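None of these values were measured; they are calculated from a predicted model. Along the sequence shown, the residues carry numbers beginning at 1.
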Amino acid sequence: MSEKTTAEVKREIERLRREITEHNFRYHILAQPIIADAEYDRLFRCLQELETAHPECFSAQSPTQTVGFPLQTDFQPVPHPLPMLSLANAFSLADLAEWDNRVRKLLVKSGSADPIFDPAGHLAYAAEVKVDGLAVALHYEDGALICGLTRGDGLVGEDITFNLRTIKDIPWQLPPYVDQLEVRGEVYMTKSDFAALNEQQLRRGEKLFANPRNAAAGSVRQIDPKVTRERPLRFLAYAVFGLADATTHAHALERLEQLGFPTTRPQRAMGVKAIQENYERVLAEREQLPFEIDGLVVKVNNLLDQERLGAVGREPRWAV
């Protein structure tokens, strides 16, 4: 049997480091180990042997060079590969119609050759509820969750990976064919879970949370992930970057659901009238929704057209 190449050895070492780090986290932070001690020891010895045989791969951050699993004492600032922009607002039907008109003119000017308009000249949009939570970005490499960031200032976020790993809705591992992927979404609390949490706070004589959004944001930014794990946090994905086979926003979120992410499930809307109908339906159902919302997000459905439209300042032109 031929010996492994240097690149193959490095990949194996990195894989073992990720796997052992995950087990350390489950053991020391979650107190929920998923493998027997003997299996953990086998993985650890394998990593030690590879690192000894290949000293050029030494890393002070390797599990073989650390004890247990360090608790976070501060949040590390990490630049976003793609800025997390804010959305422009439309406060009336007239605002929405003006935005729609501007988008269609920009697409015509850009020379978009896709069949984006229906016979009546309407553009295809995706409309989805805007969950009132904390926006985060999840980064996956070779199928593994390697980093989770807050929005921060849009350019640089806070590394809260360990806290996000305590949320059951967020997969730690995707299929191996998923290379590099960024998934964005909202960390939130349902109305019922928020009420139960405040009842618990009351019984303990502790400060009550003002609303589900503040409770979620405060919970996910705890220094100790054990505290975050005790809070009833959920996650809904609303965007993804890196899915080569997705052509529309709606299709991209369908693919995310297939990968195990709960999503905002956007509704297709052709033109302003259809958007308004979606808005009125959501408004009528708002009190029955399990979570708080602070509006409806409308996006150009075609992903290539989103690229053509781009952004101005801190706002994408293709969403409102």
Side-chain angles (χ1 to χ4, degrees), residues 72 74-91 95-96 99 102-103 106 125-141 145-165 167 169-170 180-189 211-223 228 233-243 246 249 252-253 256 261 263-264 266 291-320:
Q72 299 304 288
D74 200 3
F75 295 113
Q76 182 74 21
V78 178
H80 291 292
L82 296 171
M84 292 189 73
L85 303 177
S86 298
L87 292 175
N89 292 314
F91 295 104
D95 288 345
L96 183 63
W99 173 77
R102 186 165 60 249
V103 165
L106 285 169
Y125 292 112
E128 60 200 38
V129 293
K130 187 175 185 298
V131 181
D132 195 10
L134 180 75
V136 298
L138 310 173
H139 295 272
Y140 292 82
E141 286 189 8
L145 175 62
I146 62 164
C147 184
L149 305 175
T150 63
R151 180 191 299 275
D153 64 1
L155 298 177
V156 178
E158 298 168 301
D159 187 342
I160 56 169
T161 309
F162 302 136
N163 290 358
L164 292 175
R165 280 179 168 228
I167 301 174
D169 290 334
I170 296 177
Q180 287 191 325
L181 203 67
E182 178 180 350
V183 178
R184 293 181 179 179
E186 296 282 340
V187 173
Y188 70 100
M189 253 181 223
N211 53 58
R213 197 271 174 194
N214 286 1
S219 299
V220 85
R221 297 187 72 258
Q222 292 290 321
I223 298 302
T228 305
L233 296 174
R234 305 296 300 270
F235 175 78
L236 273 179
Y238 61 70
V240 58
F241 303 94
L243 283 178
H249 174 66
L253 292 198
L256 277 186
F261 294 91
T263 76
T264 49
F291 42 73
E292 297 283 358
I293 64 170
D294 55 359
L296 191 74
V297 179
V298 181
K299 302 173 182 177
V300 172
N301 197 33
N302 187 289
L303 297 180
L304 186 57
D305 284 339
Q306 288 186 9
E307 289 185 24
R308 291 189 177 103
L309 289 164
V312 56
R314 68 190 192 102
E315 299 171 348
R317 290 190 179 98
W318 45 266
V320 68

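Judged by distance alone, the side chain of T263 and the main-chain N or O of A237 form no donor-acceptor pair under 3.5 Å. Under the 3.5 Å distance criterion, the side-chain polar atoms of T161 are matched with a main-chain donor or acceptor of G148. Panel note: side chain R165, backbone L145; a donor-acceptor pair is recorded below 3.5 Å. The backbone N or O of L181 lies less than 3.5 Å from no partner atom in the side chain of H139, so there is not a single donor-acceptor pair. The main-chain N or O of F235 is found under 3.5 Å from a side-chain atom of D169 such that the two form a donor-acceptor pair. Judged by distance alone, with hydrogens and angles left aside, the side-chain atoms of D159 form no donor-acceptor pair with the main-chain N or O of L149 at under 3.5 Å. Proximity of a side-chain donor or acceptor of R184 to a complementary backbone N or O of A137 within less than 3.5 Å is not detected. Within the 3.5 Å criterion, the main-chain N or O of V312 finds no donor-acceptor partner in the side chain of R317. Under the 3.5 Å distance criterion, the side-chain polar atoms of T228 are matched with a main-chain donor or acceptor of S219.
Note that the CD1 atom of I293 and the CG atom of D132 stand 9.5 Å from one another [nearest 0.5 Å]. Between E182 atom CD and M84 atom CE the span is 7.0 Å, to the nearest 0.5 Å. A distance of 9.5 Å separates CG in N163 from CZ in R221, rounded to the nearest 0.5 Å. A distance of 5.5 Å separates CG of L134 from CZ of R213, quoted to the nearest 0.5 Å. The CZ atom of R151 sits 13.0 Å away from the CD atom of E158 when rounded to the nearest 0.5 Å. The structure places CG of L82 at 11.0 Å from CG of L155, a figure rounded to the nearest 0.5 Å.
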Practice problem: With side chain to side chain contact (heavy atoms under 4.5 Å, CB included) as the test, would you mind laying out the steps for V183 and F241 before giving the verdict? | Solution: CA-CA 7 Å; V183 178; F241 303 94; over 6 Å; no

Practice problem: List the steps and the verdict of side chain to side chain contact (heavy atoms under 4.5 Å, CB included) for L164 and V220. | Solution: CA-CA 7 Å; L164 292 175; V220 85; 3.6 Å; yes

Quiz item: Between L236 and F291, does a side chain to side chain contact (heavy atoms under 4.5 Å, CB included) hold up when you go through it step by step?
Solution: CA-CA 11 Å; L236 273 179; F291 42 73; 3.9 Å; yes

Quiz item: Does the pair V187 and I167 meet the rule for a side chain to side chain contact (heavy atoms under 4.5 Å, CB included), with working shown?
Solution: CA-CA 9 Å; V187 173; I167 301 174; 3.8 Å; yes

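Here the side chains of L87 and V320 are not in contact, with every heavy-atom distance at 4.5 Å or above. Residues K299 and Y238 have side chains in contact (heavy-atom distance under 4.5 Å, counting atoms from C-beta outward).
Looking at L304, L309, L303 one by one, the single match for side chain to side chain contact (heavy atoms under 4.5 Å, CB included) with Q306 turns out to be L303.
Partners of L85 according to the side-chain contact (heavy atoms from CB on, under 4.5 Å) rule, which considers only residues two or more places apart in sequence or in another chain, are P83, A311, P316. With sequence neighbours excluded, no residue forms a side-chain hydrogen bond (donor to acceptor under 3.5 Å, both in side chains) with D153. Every residue two or more places apart in sequence or in another chain that forms a side-chain contact (heavy atoms from CB on, under 4.5 Å) with P266 is listed here: A126, E128, H249, A250, L253, T264. For D95, the side-chain contact (heavy atoms from CB on, under 4.5 Å) criterion is met by A90, F91, S92, not counting sequence neighbours. In this structure, E186 has no salt bridge (Lys or Arg N to Asp or Glu O under 4.0 Å) partners at least two apart in sequence or on a different chain. Residues passing the side-chain hydrogen bond (donor to acceptor under 3.5 Å, both in side chains) test with Y188: none are found, sequence neighbours excluded.
Between Y125 and W318, the ring centre distance reaches or exceeds 6.0 Å.
When every heavy atom of E292 is checked against every heavy atom of P212, the shortest pair comes out as CG-CG, 3.8 Å.
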